[in-house]
Trainee: 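Before I ask anything, let me first share the structure, which is written out below as structure tokens.
Predicted, not measured: the structure shown is a model, and the values here were computed from it.
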Amino acid sequence: MHAAGAEAKGGAPADCRLGPSKGPWVEKLQSLRGMVDLLPAHTPLWQKVEATAREHFRRAGVQEIRTPLLEATELFARGIGEATDVVGKEMYTFTDRGDRSCTLRPEGTASVVRAAIQHGLLSQGSQRLWYGGPMFRYERPQAGRQRQFHQIGLEFLGFAAARSDVEAIAIAWDLLADLGVQGLALELNTLGSADDRRRYRHELVAWLEAHRDRLDPDSQQRITSNPLRVLDSKVPQTQALLEGAPSLADALRGESHERFAQVRFGLEALGIPFELNPRLVRGLDYYSHTAFEITSTQLGAQATVCGGGRYDGLVEQLGGAPTPAIGWALGMERLVLLLEQAAGDAAAGPAPDLYLVNRGEAAEPAALALARKLRRAGLSVELDSSGAAFGKQFKRADRSGAAWAAVLGDAEVEQGVVRLRPLRGEGQERQLPLAPPEELAALVRDRIGLMDRP
């Protein structure tokens, strides 16, 4: 497997080796740079985001599609564009045993379109689809950006009207707002039709060539490969220079202006605020007409959490019939970073309903059976399997976040009871009979205040 700009080969870094007191040096295995483990303390927030997204998609009649992580390299070369940074510098590509060039997917849209064409979905009518999962790009890892990263995305295939752009944006906006992301702002632009961009590209290239010496090195290289990407340069000197560049808006024909006006009118009607950004071009070649990004100022500096746009030519480009389409993707890592900062200590995982403290020859198997019965009755129960002294188990019960501990020792088993002890606030210890599981679960719910839960 290789990626452009791959790190130099060599032995493991010094800090990746452990020197035991006896025996040979042993290499400590670690995850690859930019491939991050998602530990139990963080998974609840990811699950919350995923569950909220699923609910928003369900309400909007959007169906899930799942595509392979590995695709033919040609899919991305044709779909994303060979001149893009993603294809030229960032893809994880290798030749498999069948001598085929394969690539770990760097984004989701091309794979969804390929699947829709391959399985004839578009012959069944317009498709409202969503996907989620890991993507791969060889980039410099930083906070909220890794080499294996995760996206949730939406694709509307077969929708041409401007109101479909508005609906797609509204779904993303409402999802982020529902998750509690603060400081949201929508940046909006239009890239016009393919004919509009061809006219503008000619004007822009001529202007860029005349100012080549004042451009940063990356922008100089993009003049011949992908000149519209120069507009999105983050180099301050280049940004200042581009103030005098030809405007894409001036190259748009009447139909494109009218379509963009309809998108703006639709957003205004829904009360979704937006700012026009004529430099917003997105990084992939397949975009046309509407392009947008949703940003947040929650971390101080403005950060993009969702981006997308219209890509009316992509389906045909990948071998399907001409099909209008629009979509977006949000980055999970950056989104979770925002939510963790906002949640603070509340970002910890959900506490169990009960922590089952148990010790004794008869109590330990009885506790295992009791935990199973209560779980099957719908309660979340964390069973202490340490066999440690009761004092140590109660300390773990307190750290679990549970409001109540269920206590089962040999004496309780002999008496046919279980004791409920409050771990938070005030309350008295209570004793319940080890009744049939449904009856016991109802009694436990009543005692610990969960009667409103099924």
Trainee: Do Ile171 and Phe156 make a side-chain contact, defined as non-hydrogen atoms from C-beta onward lying under 4.5 Å apart?
Mentor: yes
Trainee: More than 12 heavy atoms of other residues, nucleotides or ligands under 6.0 Å from CZ of Arg264: yes or no?
Mentor: yes
Trainee: With side-chain contact (heavy atoms from CB on, under 4.5 Å) as the criterion, how do Leu208 and Leu242 come out once you've worked through the C-alpha distance, each side chain's angles and the decisive distance to 0.1 Å?
Mentor: CA-CA 9 Å; Leu208 293 173; Leu242 289 171; 4.3 Å; yes
Trainee: List the steps, then state whether side chain to side chain donor-acceptor pair (under 3.5 Å) holds for Ser193 with Arg259.
Mentor: CA-CA 10 Å; Ser193 66; Arg259 192 183 193 288; over 6 Å; no
Trainee: Tell me whether His202 at atom NE2 has more than 12 heavy atoms from other residues, nucleotides or ligands lying less than 6.0 Å away.
Mentor: no
Trainee: Please answer whether the main-chain N or O of Leu69 pairs with a side-chain N or O of Glu71 as donor and acceptor at a distance below 3.5 Å.
Mentor: no
Trainee: For Gln63, I'd like to know if atom CD has over 12 heavy atoms of other residues, nucleotides or ligands within 6.0 Å.
Mentor: no
Trainee: Got a donor-acceptor contact below 3.5 angstrom from the Arg137 side chain to the Lys89 backbone?
Mentor: no
Trainee: Give a yes or no on whether the backbone of Gly192 and the side-chain of His257 come within a donor-acceptor separation of less than 3.5 Å.
Mentor: no
Trainee: Taking the side chain from Arg78 and the backbone from Gln317, do they hold a donor-acceptor pair closer than 3.5 Å?
Mentor: yes
Trainee: Kindly compute the distance separating OG1 (Thr109) from CG (Leu154), expressed to the nearest 0.5 Å.
Mentor: 9.5 Å
Trainee: So do Leu75 and Ser111 actually touch side chain to side chain, heavy atoms under 4.5 Å?
Mentor: yes
Trainee: Does the pair Thr67 and Arg105 meet the rule for a side chain to side chain donor-acceptor pair (under 3.5 Å), with working shown?
Mentor: CA-CA 10 Å; Thr67 63; Arg105 63 185 186 190; 3.1 Å; yes
Trainee: To the nearest 0.5 Å, what is the distance between OG1 (Thr93) and CZ (Phe76)?
Mentor: 9.0 Å
Trainee: Side-chain donor-acceptor pair under 3.5 Å between Ser386 and Asp384, yes or no?
Mentor: yes
Trainee: How long is the span from the CD1 atom in Ile326 to the CD1 atom in Ile169, to the nearest 0.5 Å?
Mentor: 5.5 Å
Trainee: Any chance you could measure Glu333, atom CD, to Leu38, atom CG, to the nearest 0.5 Å?
Mentor: 8.5 Å
Trainee: Leu188 versus Leu267: any side-chain heavy-atom pair under 4.5 Å?
Mentor: yes
Trainee: Any chance you could measure Ile152, atom CD1, to Glu64, atom CD, to the nearest 0.5 Å?
Mentor: 9.5 Å
Trainee: Is the closest side-chain heavy-atom distance between Thr295 and Leu184 below 4.5 Å?
Mentor: no
Trainee: Taking only residues two or more places apart in sequence or in another chain, which ones pass salt bridge (charged side-chain N to carboxylate O under 4.0 Å, His left out) with Arg140?
Mentor: none
Trainee: Kindly say whether Ala162 contributes a backbone atom to a donor-acceptor pair with the side chain of Gln262 at under 3.5 angstrom?
Mentor: no
Trainee: Can you tell if the side chain of Leu191 reaches within under 4.5 Å of the side chain of Tyr200, non-hydrogen atoms only?
Mentor: no
Trainee: Before you tell me yes or no, could you show the steps for Thr73 and Met91 under side-chain contact (heavy atoms from CB on, under 4.5 Å), namely the whole-Å CA-CA distance, both residues' side-chain angles and the distance that decides it to 0.1 Å?
Mentor: CA-CA 9 Å; Thr73 303; Met91 294 202 312; 4.0 Å; yes
Trainee: So do Asp195 and Arg253 actually touch side chain to side chain, heavy atoms under 4.5 Å?
Mentor: no
Trainee: Restricting to non-hydrogen atoms, name the atom on Ala185 and the atom on Trp173 that form the minimum distance, rounded to 0.1 Å.
Mentor: C-CZ3, 4.0 Å
Trainee: Is the distance between the ring centroids of Trp46 and His42 under 6.0 Å?
Mentor: no
Trainee: Counting only N and O atoms by type, is there a donor-acceptor contact under 3.5 Å from the side chain of Gln220 to the main-chain atoms of Leu215?
Mentor: yes
Trainee: Does Glu74 have more than 12 heavy atoms from other residues, nucleotides or ligands lying within 6.0 Å of its CD?
Mentor: no
Trainee: Write down the atom of Ala405, the atom of Leu354, and the distance for their closest heavy-atom approach.
Mentor: C-CD2, 4.5 Å
Trainee: Would you give the length of the straight line joining atom CD of Gln341 to atom CD of Gln182, rounded to the nearest 0.5 angstrom?
Mentor: 10.0 Å
Trainee: Can you give me the closest heavy-atom contact between Arg279 and Ala245, atom names plus distance?
Mentor: NH1-CB, 4.5 Å
Trainee: Considering only NZ, NE, NH1 and NH2 on the basic side and carboxylate oxygens on the acidic side, decide whether Lys395 and Asp398 come within less than 4.0 Å.
Mentor: no
Trainee: With no hydrogens and no angle check, is any side-chain donor or acceptor of Arg128 less than 3.5 Å from a backbone partner on Ala60?
Mentor: yes
Trainee: Would you confirm whether Ser380, through its side chain, and Asp353, through its main-chain N or O, come within 3.5 Å as a donor-acceptor pair?
Mentor: yes
Trainee: If you draw a 6.0 Å radius around CZ in Arg59, do more than 12 non-hydrogen atoms from other residues or ligands fall strictly inside?
Mentor: yes
Trainee: Give the C-alpha distance, both sets of side-chain angles, the deciding distance and a yes or no for side chain to side chain donor-acceptor pair (under 3.5 Å) between Glu382 and Ser400.
Mentor: CA-CA 8 Å; Glu382 184 170 342; Ser400 76; 4.8 Å; no
Trainee: Heavy atoms, side chains only, cut-off 4.5 Å: are Val235 and Ser219 in contact?
Mentor: no
Trainee: Would Arg310 and Ser164 count as having a side-chain donor-acceptor pair, cut-off 3.5 Å?
Mentor: yes
Trainee: Could you report the tightest heavy-atom contact between Gly108 and Gln151, atom names first, then the distance?
Mentor: N-OE1, 4.1 Å
Trainee: Among side-chain atoms of Asp312 and His289, is any donor-acceptor pair under 3.5 angstrom?
Mentor: no
Trainee: Could you walk me through whether Ile294 and Val181 pass side-chain contact (heavy atoms from CB on, under 4.5 Å), step by step?
Mentor: CA-CA 11 Å; Ile294 301 177; Val181 181; over 6 Å; no
Trainee: Taking the side chain as everything from C-beta on, heavy atoms only, tell me whether His56 gets closer than 4.5 Å to Asp178.
Mentor: yes
Trainee: Dump the intermediate steps for side-chain contact (heavy atoms from CB on, under 4.5 Å) on Val263 and Phe292, then the final yes or no.
Mentor: CA-CA 11 Å; Val263 173; Phe292 71 92; over 6 Å; no
Trainee: What are the two closest heavy atoms between Gly401 and Arg424, and how far apart are they?
Mentor: CA-NH2, 3.1 Å
Trainee: Just say parallel, tilted or perpendicular for the rings of Tyr287 and Tyr311, cut-offs at 30° and 60°.
Mentor: perpendicular
Trainee: Just by modelled atom types, is the Ser233 backbone N or O under 3.5 Å from a matching donor or acceptor in the Gln239 side chain?
Mentor: yes
Trainee: So, the side chain of Asn189 versus the backbone of Leu280: is there a donor-acceptor pair under 3.5 Å, distance only?
Mentor: yes
Trainee: Search all heavy atoms of Ser256 against all heavy atoms of Asp196 and return the closest pair with its distance.
Mentor: OG-OD2, 2.5 Å
Trainee: Val112 and side chain to side chain contact (heavy atoms under 4.5 Å, CB included): which single residue from Leu129, Ile117, Leu121, Leu314 fits?
Mentor: Leu129
